[in-house]
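Chain identifiers are assigned alphabetically (A, B, ...) following the order of the sequence lines, protein sequences preceding nucleic acid strands; residue numbering begins at 1 within each chain. Since the model is a prediction, treat every value here as computed from it, not as a measurement.
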Amino acid sequence: MSARPPVVRIAPSPTGDPHVGTAYIALFNLCVARKGGGRFILRIEDTDRTRYDASSEAKIFEALRWLGLRYDEGPDVGGPNGPYRQSERTPLYREMTETLLAKGAAYRCFCTEERLEELRATQRAMKLPPGYDGFCRHLTPDEVRAKVAAGVPHVVRMSVPKEGSTTFHDDLRGDVTFENKTIDDQVLLKSDGFPTYHLANVVDDHAMGVTWVIRAEEWITSTPKHVLLYRAFGWEAPRWTHMPLLRNADRSKISKRKNPTSLIWYRDQGFLPEGLLNFLGLMGYGHPEGKEKFTFDELVATFDIGRLSTTGPVFDLEKLKWLNGEWIRSLTDDDLAARVVAHVERRAQAPTPEDAANPVMRRVLATGADDAFRALVRRTTPLVRERIRTLEEYASIAACFFHDTLPTYPAEDLVAKKRTPAETRDALARVRAALDAAPSWRAAELEAALRALAEATGWKPGDLFTPVRTAVTGAKVSPPLFETMEILGRATTLARLDAALPRLG
RNA sequence: GCGCCCAUCGUCCAGCCCGGUCCAGGACGUCAGCCUUUCAAGCUGAAAACACGGGUUCGAAUCCCGUUGGGCGUACCA
């Protein structure tokens, strides 16, 4: 391999939401670019006007930016090799198609969709491998001229030699060989004048100076076509690396139906970009020191293309959540609080029906993320940081801080273990009195008061705290009780106790 | 069907290229215990894998062949 700095790229197509697989491939491309002091290009492959989604492109930019996957060149950042949208490069493809035609490496094909369909049906019936039969390959120049003159719609196909074989070297898999007779005469230029992926990707990679193609495994079978194209043009082919495909739990290629695949989804679920990126870096890659948690820079520092594995990793959401939790816990309280606020604010811009039942969201929807809100989030994050794995989980664990009045909870949750409702009510009344008598409202003091009360009444501290917890937070699971009461304040705490007392009969 | 790729705990990864130090190591998850005001977090421990069959070799998770299994491709989609 040459020592010149690598030029790599990703080439997503703007169809639907930005895909987690795009980020996965982008991550390793960026690694190679940074490691080798090269360039990373983003190119939009929008040559399929039937699947084109106008909103998709902006979402791709947004998602990559969110993840910190910075590209040196791209549609929105410019660069010396633009334009970076294939739909804006059609003259180039036409010109290159003419070159191929002139060299005899491609030919015009006038076959109709119907004939092609029929051909495929016949091949299926005869259990033959499907593929174009080369009908138009043998048209005479005169016949071709006549049809073109007559305006017969046509495509341009590549003229694949039917003898011999084509081999390319894959970084991870070694030499891969295909018999030429198994390679179809691929369409290069569609009848609408747009190129197919095969033509566009080769032409653009060459034009943009791409030296190293790192893409998903699903492209392996079309690589020989690309190699043949480079050869026909007389261009030097890039280095090839085919990454394994991310998988669903059943090991099929990761898909929307069986797994969340939208990067937007991960962001809106409250995953940290650091966490998702780190997790993606764990897929198919083994850190030399066996580290699980690492930053992008740490990944680059130790990165070695040879350490990539070839087996398709199953995308395990549970492990992602764990890793994300690790990242959340490694943030400072200020940072975490700011991220929670930003997350809630973003969600508030497009609230879902369920958000109306979410006290944190309701608060922001009503008053905006004002100073009081920010302050409350900041005060509560130290209590919940060890209890959340995503930013989104903040809303459920910290709900008790945002309710004006607690939603109804089962009265039996109020009853202490092995005690009757009446006994619990009496104890709770004494808790209320003890709290009310506290000279200052600080967690340590409140705890001391209740522990003294437990001692005096012969209750086990834990047994006494249970009904208090339920009364104060409305749930059997909550952040640490005394810190919670401190933040809630005397009035709110006592009011909640007062509301609970009658429910014990 | 055909072509190509792949094959270590349920899952992610280490070991494989340069056979012995591997009765296979780490992590997630699971289970148990500790800690403890709940839940978490943390700590300790446990169960859990070299797909199968041949071969090469004194010796194979590691090399070779085959089988099986899985995946991808087989479009005027990328």
What is the separation between atom [atom1] on [X] and atom [atom2] on [N], rounded to the nearest whole Å?
{"X": "L336(A)", "N": "rA41(B)", "atom1": "CG", "atom2": "C1'", "result": "14 Å"}
{"X": "L317(A)", "N": "rG29(B)", "atom1": "CG", "atom2": "C1'", "result": "13 Å"}
{"X": "L308(A)", "N": "rA14(B)", "atom1": "CG", "atom2": "C1'", "result": "15 Å"}
{"X": "L299(A)", "N": "rC12(B)", "atom1": "CG", "atom2": "C1'", "result": "15 Å"}
{"X": "R307(A)", "N": "rC16(B)", "atom1": "CZ", "atom2": "C1'", "result": "12 Å"}
{"X": "L481(A)", "N": "rU37(B)", "atom1": "CG", "atom2": "C1'", "result": "6 Å"}
{"X": "K291(A)", "N": "rC28(B)", "atom1": "NZ", "atom2": "C1'", "result": "18 Å"}
{"X": "R389(A)", "N": "rC39(B)", "atom1": "CZ", "atom2": "P", "result": "16 Å"}

Answer yes or no for [X] and [Y]: cation-pi contact, defined as NZ/CZ to six-membered ring centre under 6.0 Å and angle to ring axis within 45°.
{"X": "R503(A)", "Y": "Y409(A)", "result": "yes"}
{"X": "R430(A)", "Y": "W459(A)", "result": "no"}
{"X": "R49(A)", "Y": "F194(A)", "result": "no"}

[X] has a side chain; which of [options] sits nearest to it?
{"X": "E386(A)", "options": "rC12(B), rC4(B), rA41(B)", "value": "rA41(B)"}
{"X": "V176(A)", "options": "rU11(B), rC6(B), rC5(B)", "value": "rC5(B)"}
{"X": "R387(A)", "options": "rU37(B), rA40(B), rC28(B)", "value": "rA40(B)"}
{"X": "I220(A)", "options": "rC4(B), rU37(B), rC13(B)", "value": "rC4(B)"}

(Q) Here's a test for you: under side-chain contact (heavy atoms from CB on, under 4.5 Å), which of V176(A), N180(A), T182(A) qualifies with T166(A)? (A) N180(A)
If you measure from the [atom1] atom in [N] to the same atom in [M], how many Å do you get, rounded?
{"N": "rU57(B)", "M": "rG20(B)", "atom1": "C1'", "answer": "11 Å"}
{"N": "rG10(B)", "M": "rA49(B)", "atom1": "C1'", "answer": "10 Å"}
{"N": "rG55(B)", "M": "rG45(B)", "atom1": "C1'", "answer": "42 Å"}
{"N": "rA32(B)", "M": "rA47(B)", "atom1": "C1'", "answer": "10 Å"}
{"N": "rC9(B)", "M": "rC5(B)", "atom1": "P", "answer": "22 Å"}
{"N": "rC28(B)", "M": "rU36(B)", "atom1": "P", "answer": "23 Å"}
{"N": "rC16(B)", "M": "rG33(B)", "atom1": "C1'", "answer": "37 Å"}
{"N": "rG69(B)", "M": "rC22(B)", "atom1": "P", "answer": "35 Å"}

**Q.** K418(A) bridged to E423(A) by N-O distance under 4.0 Å
**A.** no
**Q.** E98(A) and R108(A) ion-paired at < 4.0 Å
**A.** yes
Over all strands shown, is [X] touching base, sugar-phosphate only, or nothing at heavy-atom distances under 4.0 angstrom?
{"X": "G286(A)", "answer": "sugar-phosphate"}
{"X": "L282(A)", "answer": "sugar-phosphate"}
{"X": "Q123(A)", "answer": "nothing"}
{"X": "G306(A)", "answer": "nothing"}
{"X": "R173(A)", "answer": "sugar-phosphate"}
{"X": "P244(A)", "answer": "nothing"}
{"X": "T177(A)", "answer": "sugar-phosphate"}
{"X": "S478(A)", "answer": "base"}
{"X": "R329(A)", "answer": "sugar-phosphate"}
{"X": "R215(A)", "answer": "nothing"}

Taking a pair as Watson-Crick or G-U wobble with both distances under 3.5 Å, which nucleotide is matched to [N]?
{"N": "rC28(B)", "result": "rG10(B)"}
{"N": "rU57(B)", "result": "none"}
{"N": "rG1(B)", "result": "rU74(B)"}
{"N": "rA51(B)", "result": "rU67(B)"}
{"N": "rG42(B)", "result": "rC34(B)"}

Q. Does F315(A) or E483(A) map to a spot on RNA chain B nearer the 5' end, using the closest nucleotide for each?
A. F315(A)
Q. Quick one: on RNA chain B, does Y285(A) or E318(A) contact a more 5' nucleotide (nearest heavy atom)?
A. Y285(A)
Q.
Would you say the ring centers of F315(A) and Y266(A) fall short of 6.0 Å from each other?
A. yes
Q: Give a yes or no on whether the ring-centroid distance for H154(A) and Y107(A) is below 6.0 angstrom.
A: no
(Q) Is there, by distance only and without an angle test, a donor paired with an acceptor across the side chain of E292(A) and the base of rG26(B) below 3.5 Å? (A) yes
Q. Which distance, rounded to the nearest 0.5 Å, do you find between the CD of E274(A) and the NZ of K293(A)?
A. 9.0 Å
**Q.** Atom CZ of F135(A): over 12 foreign heavy atoms under 6.0 Å
**A.** no
Q | Reading 5' to 3' through nucleotides 66-78 of chain B, protein heavy-atom contacts under 4.0 Å coded B for base, S for sugar-phosphate only, - for none | A | ----SSSSSSBBB
Q | Geometric class of the F168(A)/W240(A) ring pair [parallel <30°, tilted 30-60°, perpendicular >60°] | A | perpendicular
